[in-house]
S.K.: 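I have a structure I would like to understand better, so I am pasting it below and will then ask my questions one at a time.
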Number of protein chains: 2
Amino acid sequence: MYTLNENYLKLPGSYLFSGIAKKVAAYQKAHPDADIIRLGIGDVTQPLCKAVIDELHKAVDEMASADTFKGYAPDLGYEFLRHAMAENDYRNNGCDIADDEIFISDGAKSDSANIQEIFGQDVKLAVCDPVYPVYVDSNVMAGRCGDYDEKTGMWSNVIYMPCTAENGFAPELPTETPDLIYLCFPNNPTGEVITRDELQKWVDYANKVGAIIIYDAAYEAYITDPSIPHSIYECKGARTCAIELRSFSKNAGFTGLRLGATIIPHDIVVAKTAIGKENVELHSLWARRHGTKYNGAPYIVQRAGLACYSEEGKAQIKEQVATYMKNAKYIKNGLKEAGYTVYGGENSPYVWLKTPDNMTSWEFFDMLLEKANVVGTPGSGFGPSGEHYFRLTAFGSYENSVRAIERIKNM
Amino acid sequence: MYTLNENYLKLPGSYLFSGIAKKVAAYQKAHPDADIIRLGIGDVTQPLCKAVIDELHKAVDEMASADTFKGYAPDLGYEFLRHAMAENDYRNNGCDIADDEIFISDGAKSDSANIQEIFGQDVKLAVCDPVYPVYVDSNVMAGRCGDYDEKTGMWSNVIYMPCTAENGFAPELPTETPDLIYLCFPNNPTGEVITRDELQKWVDYANKVGAIIIYDAAYEAYITDPSIPHSIYECKGARTCAIELRSFSKNAGFTGLRLGATIIPHDIVVAKTAIGKENVELHSLWARRHGTKYNGAPYIVQRAGLACYSEEGKAQIKEQVATYMKNAKYIKNGLKEAGYTVYGGENSPYVWLKTPDNMTSWEFFDMLLEKANVVGTPGSGFGPSGEHYFRLTAFGSYENSVRAIERIKNM
């Protein structure tokens, strides 16, 4: 008789955003006339820029002719895109990354969930708290996190690094030594950032204790402050300890198009593995995973990715990001005027607020939905230290950002 | 210090098709003028049909306007596509499958590799031998297959069901009871099929012993004989024991577009799990996996999938499949005329030949590459019982199929 992966059954409730979607759908059903403004899930709303649309049409036309038709993509991604990323996102910014250290994928969500598969069953993870739920949930599914404590909202075998107003939302080096350290900056959900010097400390620490940093840089396009690193490879020594995740979702609006990348330098090497293999590159394991469990991102989508690196593409994307940042500024200032304590929103599309009157995150969610018809994301959904916080995103339209703040002020 | 998933290091050599690609690239480099005909990897060569191209352009245009732009897709797939599949592929053919039992994905390769994740660590798999390598490799990576024996080419903890000329390429019910049974019909690589009555025996067996059948129906569009089932749900009782994998790659030429689906009926239920949860639907685990480790297939690609079910789309796809089947017939007959013993190719795009003079599959691969500049796939790459066999695909152009046979005849 077959058995199930019982680790799945340990997961509490449903995945955060599916849960919110269900709640909103129920409210909408009960109030069909309610004009709900969604600033919850981090989904973009602006259309794809012209350079991307033009390239998509061209690539689609290529698929219509036998001479230019493309079948299976190279497992690890088309050279043209790996090269463009390595050049534009890394080498032009002083980061030493080779084309073949870039693995193209269908998005940073999949990569951040799948990356744990290439590590041993016994690795211990450290995560910021609050944190994007996928890091922990994917490890729970793999059976690494021990048991869930309903009271604390914590897993018994995970190292939580609280990031709250008290420590400026900056995680401190953990006292217990982790094997995998998930860092995301600009941070989801707090919208806060890490300086280059601070990040260097983490790289030095990882190299010292023999840990791997999984650095989620999905929001780097929103950085405005030059002292904030766009990539972990701006730090010395990162090539021996850091994996970086990149996404086209938030900079170029590819949430519905699906494109991302994982960077694994060849310098991450295990000198001798448990079964005695020598000098094994982490790179080779991820390549094997890609080749066996994945079949490449669609050609037309990879071409769309390439368009993001053209001169027009870069300019158009920059403009989109600026529009969202205008929203972020408006939301942050509006909330301040309404008397809220607010964080993030300056190098990030996320605004992170303290709930008023010590309300729980979900109480505030319900109030906001019912009284203002505005959807946000409860901070507690990102981990226990997110309790009494709440996330709003700048990914709506400017008009909706203004209307949402209006309603919140009148609430 | 972090550790690696050492199961990866147990895998011999590289993934079959990556290995072939390297060998061909090396040959091409050494012989830049060689006009190589590729009938190896099962990749299509005909352009996408007009209905699909038109729909792609329309969907791309929607992504260019804020009013019609689509961000994150529903985790489990757009309703329009799930409905079209359920209606056209199942309900219209007398199979009782609900829309929400269909999970849209980026292809049957990913699904066939990922599906094992929702099962217990201790499940034992049974596979046809030869078989598509992903079924076993993905389970090796998960640590379920024991150790690899270089001599036999077999894993110590896998039940192999030989499919050779001796038993008409039909697997027999295994003597040892498996938990997961991977079946693929029309078969990759042998090109042979299973009758409805034979498949019914497997469904009855699975229900009797408490096993799950993972039924890979990626090639169903090539079935011409009405006694051959297109879906396992044509069998009585399949709703309680069978998962089916579907692909848009081989019928509609989506290898470069990436679209597939997994069907999990709500009736597959575990009455009581090891940790005591009651009435757990397998469906709920896969939904959770999709929601956590995946973010949906691109909207434009799902729209392209929808176009396959329009009247024009159906007709155009049928024509494409017929063209490939014309190649299959030509290749099969040509090989017969050249004195080869040949199988498959009648309800399948794959032709499976016995190597001459007891050559090994790789010896024949080398000879074919060097003497005829034709690339095929060594049968032994699909498992030990594939040794002394060789796969050619009908996915080339008719012209290339003719030229390949010409060259083989003159070899």
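Within every chain, numbering begins at 1; the chains are lettered A, B, ... in the order of the sequence lines, protein sequences first and strands thereafter. The shown structure was predicted, so the numbers you read here are calculated from the model rather than taken from an experiment.
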S.K.: Among A:Gly296, A:Pro178, A:Gly256, A:Gly143, which has the most heavy-atom pairs under 4.5 Å with chain B?
M.R.: A:Gly256
S.K.: Counting heavy-atom pairs under 4.5 Å to chain B, which of A:Ile212, A:Leu56, A:Ile300 comes out on top?
M.R.: A:Ile212
S.K.: Would you check if there is a donor-acceptor pair between the side chains of B:Thr3 and A:Asp122 at a distance under 3.5 Å?
M.R.: yes
S.K.: Can you tell me which of A:Leu9, A:Thr255, A:Val280, A:Asp179 forms the most heavy-atom pairs within a distance under 4.5 Å of chain B?
M.R.: A:Thr255
S.K.: Can you say whether B:Ala211 sits under 4.5 Å from chain A via the side chain, the backbone, both, or neither, judging by heavy atoms?
M.R.: backbone
S.K.: Would you mind telling me which of B:Arg289, B:Lys124, B:Gln302 has the largest number of heavy-atom pairs within less than 4.5 Å of chain A?
M.R.: B:Arg289
S.K.: Assess whether a salt bridge exists between B:Lys50 and B:Glu55, defined as any Lys/Arg side-chain N lying under 4.0 Å from an Asp/Glu carboxylate O.
M.R.: no
S.K.: Of all of B:Tyr8, B:Tyr72, B:Phe119, which one pairs up most often with chain A through heavy atoms under 4.5 Å apart?
M.R.: B:Tyr72
S.K.: In terms of heavy-atom proximity below 4.5 Å to chain B, should A:Asp61 be classed as side chain, backbone, both, or neither?
M.R.: both
S.K.: Is it the backbone or the side chain of B:Val44 that comes under 4.5 Å from a heavy atom of chain A, or both, or neither?
M.R.: both
S.K.: Evaluate the criterion side chain to side chain contact (heavy atoms under 4.5 Å, CB included) for residue pair A:Arg258 and A:Ser249; output intermediate values, then yes/no.
M.R.: CA-CA 7 Å; A:Arg258 312 306 313 139; A:Ser249 286; 3.7 Å; yes
S.K.: A:Ile214 and A:Ile181: side chain to side chain contact (heavy atoms under 4.5 Å, CB included), yes or no, with the steps?
M.R.: CA-CA 6 Å; A:Ile214 296 165; A:Ile181 302 164; over 6 Å; no
S.K.: Counting only heavy atoms closer than 4.5 Å, note whether B:Leu259 contacts chain A via side chain, backbone, both or neither.
M.R.: neither
S.K.: Which one, A:Met1, A:Met63, A:Glu6, leads in non-hydrogen pairs under 4.5 Å with chain B?
M.R.: A:Glu6
S.K.: Which region of A:Asp106, side chain (C-beta onward) or backbone (N, CA, C, O), has a non-hydrogen atom less than 4.5 Å from a non-hydrogen atom of chain B, or is it both or neither?
M.R.: side chain
S.K.: If I take atom OG1 from residue A:Thr45 and atom CD from residue A:Gln320, how far apart are they, to the nearest 0.5 angstrom?
M.R.: 9.0 Å
S.K.: Go through the atoms of B:Thr273 and report whether side chain, backbone, both or neither lie under 4.5 Å from a heavy atom of chain A.
M.R.: both
S.K.: With chain A, which of B:Glu62, B:Gln121, B:Met141 has the greatest number of heavy-atom pairs at distances under 4.5 Å?
M.R.: B:Met141
S.K.: Examine A:Lys70 relative to A:Tyr299 and say whether NZ or CZ is less than 6.0 Å from the centre of the six-membered ring and inside a 45° cone about the ring axis.
M.R.: yes
S.K.: For the pair A:His290 and A:Trp286, name the ring-plane relationship: parallel under 30°, tilted 30 to 60°, perpendicular over 60°.
M.R.: tilted
S.K.: Quick check for you: among A:Ser397, A:Ala113, A:Ala142, A:Gly71, which has the greatest number of heavy-atom pairs under 4.5 Å with chain B?
M.R.: A:Gly71
S.K.: Which answer fits B:Gln116, side chain, backbone, both or neither, if we ask what part of it has an atom under 4.5 Å from a heavy atom of chain A?
M.R.: side chain
S.K.: Checking side chain to side chain contact (heavy atoms under 4.5 Å, CB included) between A:Tyr182 and each of A:Val134, A:Ile115, A:Ile213, which is the one that passes?
M.R.: A:Ile115
S.K.: Could you point out which residue of A:Asn7, A:Leu11, A:Leu4 forms a side chain to side chain contact (heavy atoms under 4.5 Å, CB included) with B:Leu285?
M.R.: A:Leu4
S.K.: Taking every non-hydrogen pair under 4.5 Å, which of B:Ile53, B:Asp43, B:Leu48 racks up the most with chain A?
M.R.: B:Asp43
S.K.: Of the backbone (N, CA, C, O) and the side chain (C-beta and beyond), which part of B:Tyr2 lies under 4.5 Å from a heavy atom of chain A, both, or neither?
M.R.: both
S.K.: Is there a side chain to side chain contact (heavy atoms under 4.5 Å, CB included) between A:Asp75 and A:Phe103 once you walk through the steps?
M.R.: CA-CA 9 Å; A:Asp75 290 335; A:Phe103 297 79; over 6 Å; no
S.K.: Describe, in one word, how the ring planes of A:Phe395 and A:Tyr324 are oriented to each other, choosing from parallel (under 30°), tilted (30 to 60°) and perpendicular (over 60°).
M.R.: perpendicular
S.K.: Going through the checks in order, is the side chain to side chain contact (heavy atoms under 4.5 Å, CB included) test met by A:Val270 and A:Lys272?
M.R.: CA-CA 6 Å; A:Val270 175; A:Lys272 193 161 187 178; 5.8 Å; no
S.K.: If we define contacts as heavy-atom pairs under 4.5 Å, which of A:Ala297, A:Ser138, A:Ala274 has the most with chain B?
M.R.: A:Ala274
S.K.: Do B:Asp137 and A:Lys293 sit within salt-bridge range, that is, some charged N less than 4.0 Å from a carboxylate O?
M.R.: no
S.K.: So which part of B:Asp67 gets closer than 4.5 Å to some heavy atom of chain A, the side chain, the backbone, both or neither?
M.R.: neither
S.K.: Using a cut-off of under 4.5 Å for heavy-atom pairs, which of B:Leu282, B:Val123, B:Val301, B:Thr68 has the most such pairs with chain A?
M.R.: B:Val123
S.K.: Quick check on A:Val209 against chain B: is it the side chain, the backbone, both or neither that has a heavy atom closer than 4.5 Å?
M.R.: backbone
